[in-house]
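Ligands are counted one by one from 1 in listed order, and the atoms in each one are counted from 1 as well.
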Amino acid sequence: MKTIILKVNADRPEKSKIRAAAKIIREGGLVAFPTETVYGLGANALDPKAVRRIFAAKKRPLDNPLIIHIADKADVYWLADKIPKDADKLMDLWPGPLTLVLKASDIIPKETRGGLSTVAIRMPNHKVALALIRESEVPIAAPSANLAGRPSPTTAEHVKQDLDGKIEMILDAGPTRIGVESTVIDLTSESPQILRPGGLTYEELKRILGDVRLHPSAIADRRVNLKYAPSPGMRHKHYSPEAQLIIVEGELNAMINKIQELVGLYRGKGRRVGILATDETQRSYHGAYVVKSLGSREDPSSMARNLFKLLREFDEEKVDIIIAEGVPMKSLGLAVMNRLRKASGFNIVKAN
Ligand code: AMP
Ligand code: MG
């Protein structure tokens with residue numbers, strides 16, 4: 001299959017291009033499109049055959065459910081059942097990087113739900129995504145548009161690297177603004193619980209809901225026993241570059257010293273070492289093959305925006321080992337650390 005790549009204006013998406021993409025969705029095909037978080041791989045959420053193609057293209061485990069993207073809040077009321085009051089408060093934050101897990105209505109195919117009785121729904125804050133959903137006239141199921149287990153795509157080029165020849169179309173509207181996926185919050189248990197930290201911060205959700213818990217897998221400081229995982233996707237490998245990834249966490253100077261020590265160790269073994277540092281620390285290292293800065297420690301949103309792009313860059317530069325600094329877990333830093341820790345397979349070194 002030849003994948004068509006169309007450049008689209010992010011602010012004023014061209015009608016003819018959106019129409020072409022929507023036609024593919026309606027006919028059961030796959031279109032990758034930009035959202036404010038990362039690029040998504042979209043199909044008609046109500047068409048089991050189309051949804052199965054998403055799993056096949058990504059090589060995604062079938063038990064990992066998809067997020068349904070809508071352009072009109074009213075759609076929640078037929079896609080979900082028994083909608084709690086908290087949902088209304090949270091839907092006021094839409095369009096935005098927040099996914100609500102609700103009880104699924106009978107209309108949702110089991111493929112889309114990954115076999116669960118719940119459904120995940122969000123309204124993305126991106127003109128291209130919204131125009132595509134409206135023009136398709138169906139809700140669009142869309143996981144991140146990468147091969148399962150790889151870093152999520154923040155540009156159309158990343159999508160092409162992973163899915164060229166496997167999907168009908170990629171809509172290219174430039175790099176995504178936030179750079180990490182949406183926050184997933186489960187509203188089906190007694191009190192709201194964050195299953196995955198993301199573009200909408202924990203601090204903001206606490207302010208709005210008062211009471212909100214963080215699932216241990218959201219913190220991701222260790223591998224949790226997920227026999228009873230509310231989302232089976234939590235069990236799978238995620239976000240990983242080809243290179244081995246080690247996260248070093250601790251007080252700033254101790255962390256720098258530990259990383260420098262590890263650089264010496266791996267270099268001695270003839271390994272090509274990359275360091276994922278920050279603006280404040282990047283000049284503290286020597287002897288590594290390459291040092292990249294995630295952004296300023298004072299600016300978590302810059303770190304979120306750069307994360308997945310940099311992980312892919314290390315692979316292109318054929319680095320064997322990436323040693324990454326831990327960053328403060330405030331604001332988007334929580335999502336950044338969740339991705340880094342998971343990407344490393346919980347290969348976390350404490351420096352002190
Ligand atoms: P992705 O869009 O590839 O980042 O993946 C979607 C994320 O949403 C995964 O972490 C899923 O496990 C999660 N998710 C989707 N549907 C549900 C659901 N019904 N219940 C819990 N988590 C879900
Ligand atoms: Mg994903």
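- Between Tyr239 and the choices Leu245, Leu340, Val180, Asn338, the side-chain contact (heavy atoms from CB on, under 4.5 Å) rule is met once, by Asn338.
- For Arg113, the heavy-atom gap to ligand 1 stays at 4.0 angstrom or more.
- The salt bridge (Lys or Arg N to Asp or Glu O under 4.0 Å) analysis of residues 114-137, with sequence neighbours excluded, yields the pairs Lys15-Glu135, Glu36-Arg122.
- Every pair passing salt bridge (Lys or Arg N to Asp or Glu O under 4.0 Å) that includes a residue from residues 247-260 is listed here, sequence neighbours excluded: Glu249-Arg341, Glu249-Lys350, Lys258-Glu261.
- Distances below 4.0 Å separate heavy atoms of Asn64 from the following atoms of ligand 1: 9 (C), 11 (C), 12 (O).
- For ligand 1, the polar-atom distance check against Thr118 finds a nitrogen or oxygen pair separated by under 3.5 Å.
- Any N or O atom pair closer than 3.5 Å counts here, and His238 shares no such pair with ligand 1.
- Proximity of Arg60 to Pro143: side-chain heavy atoms (C-beta onward) are separated by under 4.5 Å at one or more points.
- Atoms of the protein (N, O or S only) found under 2.8 Å from the Mg ion (ligand 2) are Ser144 OG.
- Under the 4.5 angstrom side-chain criterion for Ile, Leu, Val, Met, Phe, Trp and Tyr, Met1 has no cluster partners at all.
- We find that Arg339 and Glu181 are joined by a salt bridge, their nearest charged nitrogen and carboxylate oxygen being less than 4.0 Å apart.
- Ile246 is listed as a side-chain neighbour of Tyr266, based on a closest heavy-atom distance under 4.5 Å.
- Looking at Lys103, Arg60, Arg122, His69 and measuring to atom 6 (C) of ligand 1, the nearest heavy atom belongs to Arg60.
- Figure legend: Lys206 and Tyr202 shown as a cation-pi pair, the cationic atom lying under 6.0 angstrom from the six-membered ring centre and within 45 degrees of its axis.
- Remark: ligand 1 and Ser144 share an N or O pair separated by less than 3.5 Å (distance only, no angle test).
- Under a 4.0 Å N-O distance rule, the pair Glu313/Lys292 qualifies as a salt bridge.
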